[in-house]
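Residue numbers start at 1 and run along the sequence shown. Worth knowing before you read on, the calculation uses all heavy atoms, side chains too, and leaves out hydrogens, waters and symmetry mates. These numbers come from a predicted model, not from an experiment.
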Amino acid sequence: MPAPRIKSPRLLVAESGADREGHGLKRTMGLFQLICFGVGAIVGTGIFVGLSDSVAQAGPAVVVSFVLAALTCVFTAFSFAELGGAIPVSGSSYSFAYAGLGESTAFLVGWCLLLEYGVSISAVAVGWSQYVNELLHSLTGLQLPAALSAGPGDGGVINLPAVIVIAMASALLVRGVRESAGATAAMAAVKLAILLAFCAIGYSAFKDGNLTPFSPAGLGGIGAGTTAAFFSYIGFDAITTAGEEAKNPRRHVPVAIMVCMGIVTLLYCAVALAAIGAIGGDQVAGRPAALSYVVNEVTGSAVGGGVIAFGAVVAIASVVLAVMYGQTRILMSMSRDGLIPRVFEKVSPKTSTPVAGTLIVAVVFALPAAFASLDAVMNLCTIGTLAIMAVVNVTVLALRRREPGLDRSFRVPLYPVAPLLGIGFCLYLMWETGWQTWIQFAVFLAAGLALYVLYGRRHSTLAGAAAAGEVTPAAAEREPQAV
């Protein structure tokens, strides 16, 4: 059996220029911009739209579900922080897997990232459409017709607002990272202010009786709620995709990840308690635009709900922007390695952004947002994301053994317990998605493996260099690490 094609961390960093100026990309993002970027990538549809689904599963115990989902992410966030500081490149978990587990595993991780980010972008855009209608109704009393605000599977013809938000995000990303980072920071500030205002309104009407029964569906409900709540945290790994555009990635990427996870977990728990304590879990469960509804019920006016809807429109738009950014950078890394067509690695000399790759991503992800019902693939997105997170934890274990001298600006605490717990939590939540999802995931992985065999393996830059005698995986492993 041939040895896996492994690309050493030093080679990854050298090829990307991550310790200098990254592969045509410009270093414009400081720590504050990275934190705002992380908050922008995480806080959006999961809390503004998905809260009602989590409450429907767990009841008031959704707070426990959010904490369990956060624990899953925190243990993995430690691993992302260590790898993001040691291998500061745009490929994120794809590049980490390449360095630790080999090319075929890395390709499958990149394939799963298409699922994670692609479904996330499309689903978030659909959620944005719901709150646009809520905002229009609050301001004018009118709403977009169903034919223009939902896909065929949801009783409409085309979800036009979903297409518009993806188009706006792609236009901003094409202009440049500085502009995108500035917009993301501004939108992050707005969404945090709106959610804090929601908490103030919700707690003003808080009633202890609304929290009973605390766990109406028992442990099973909490587990199902955790799986649903996990979608609210998807996106924190996008911070590591900025490795080649951060000013000091080895120091700032790990710090940004940990700060973001702390902010988001506290915020989610506070918002969930405020919503349920104000009107009760039964009123929140399964309700579209739940936060606007809570404010309307508490204040007796549609004005407050309109403000929340405005915050949701801003928040969800920022998620589309941040996640699209991450997806284009991962595709750039895969293209650079020859595993997908070269068009995705081309950077415009004028804007220092991958213009062609960004526009392709926008078109591809706008189609399902416009016409498809995404409910059927949400669990598939969740299991794919969890699988990626498990691989990242395994990669930390592999690189600690193979590369003990690697320059690590952050080290996973409680090693090896923390990454092992991260793997365990990921496997538990994957199990909770159900056997139908596992079958879908197996088919999805089989399709990815076929693509790798038919295209990626044959066009691999690493394989070509080895054949030409320029570099071999074994030689790459013996190279000293970059400082």
Side-chain angles (χ1 to χ4, degrees), residues 39 41-70 72-73 120 123-131 133-135 191-203 205-206 210-211 214-217 221-236 263-298 304-305 307-316 318-319 374-375 378-379 381-382 429:
V39 172
I42 303 169
V43 180
T45 306
I47 193 66
F48 282 99
V49 179
L51 175 63
S52 59
D53 295 330
S54 301
V55 173
Q57 298 285 351
V62 70
V63 177
V64 179
S65 296
F66 274 122
V67 171
L68 289 175
T72 302
C73 293
S120 294
V124 166
V126 171
W128 191 79
S129 179
Q130 295 177 13
Y131 270 102
N133 254 341
E134 183 73 19
L135 180 60
K191 76 169 78 176
L192 290 179
I194 292 293
L195 288 175
L196 290 174
F198 171 84
C199 288
I201 294 171
Y203 285 120
F206 191 92
N210 287 334
L211 299 181
F214 183 69
S215 182
I222 292 175
T226 301
T227 302
F230 174 78
F231 188 77
S232 303
Y233 291 92
I234 288 178
F236 76 88
I263 291 173
V264 169
T265 301
L266 290 174
L267 189 64
Y268 282 175
C269 291
V271 169
L273 273 177
I276 297 171
I279 65 173
D282 291 341
Q283 292 294 310
V284 176
R287 186 177 295 277
L291 300 191
S292 290
Y293 178 80
V294 171
V295 172
N296 288 342
E297 289 295 299
V298 171
V307 174
I308 298 297
F310 170 75
V313 167
V314 173
I316 296 172
S318 73
V319 175
L374 299 171
D375 292 342
M378 292 306 294
N379 275 348
C381 174
T382 296
L429 292 186

Reported [atom1]-to-[atom2] distance for the pair [X] and [Y], which is rounded to 0.5 angstrom:
| X | Y | atom1 | atom2 | value |
| --- | --- | --- | --- | --- |
| Ile47 | Leu267 | CD1 | CG | 7.0 Å |
| Leu291 | Ile194 | CG | CD1 | 11.0 Å |
| Thr227 | Ile222 | OG1 | CD1 | 12.0 Å |
| Ser52 | Gln57 | OG | CD | 11.0 Å |
| Thr226 | Leu429 | OG1 | CG | 6.5 Å |
| Ser292 | Phe198 | OG | CZ | 9.0 Å |

Minimum heavy-atom distance between [X] and [Y], given as atom pair plus value:
| X | Y | answer |
| --- | --- | --- |
| Ala58 | Gly225 | CB-CA, 4.2 Å |
| Cys199 | Ala274 | CA-CB, 4.1 Å |
| Ile276 | Gly59 | CD1-O, 3.9 Å |
| Asn210 | Gly277 | ND2-O, 2.7 Å |
| Val39 | Lys191 | O-NZ, 3.5 Å |

A side-chain contact here means heavy atoms from C-beta on lying under 4.5 Å apart; do [X] and [Y] qualify?
| X | Y | result |
| --- | --- | --- |
| Val314 | Phe310 | yes |
| Val264 | Phe66 | no |
| Leu273 | Tyr203 | yes |

Checklist line | Partner residues of Tyr233 under the ring-ring contact (aromatic ring centres under 6.0 Å, His included) criterion, sequence neighbours left out | finding: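 Tyr233 satisfies ring-ring contact (aromatic ring centres under 6.0 Å, His included) with Tyr268 only.
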Notebook entry, point to check: Taking only residues two or more places apart in sequence or in another chain, which ones pass ring-ring contact (aromatic ring centres under 6.0 Å, His included) with Phe214?
Noted result: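 Partners of Phe214 under the ring-ring contact (aromatic ring centres under 6.0 Å, His included) test: none.
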Note to self: Applying side chain to side chain contact (heavy atoms under 4.5 Å, CB included) to Leu211 and Phe206, what does each step give before you reach the verdict?
What the structure shows: CA-CA 10 Å; Leu211 299 181; Phe206 191 92; 3.6 Å; yes
Notebook entry, point to check: Between Thr72 and Leu68, is there a donor-acceptor pair closer than 3.5 Å when you use the side chain of the first and the backbone of the second?
Noted result: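 A pair under 3.5 Å: yes.
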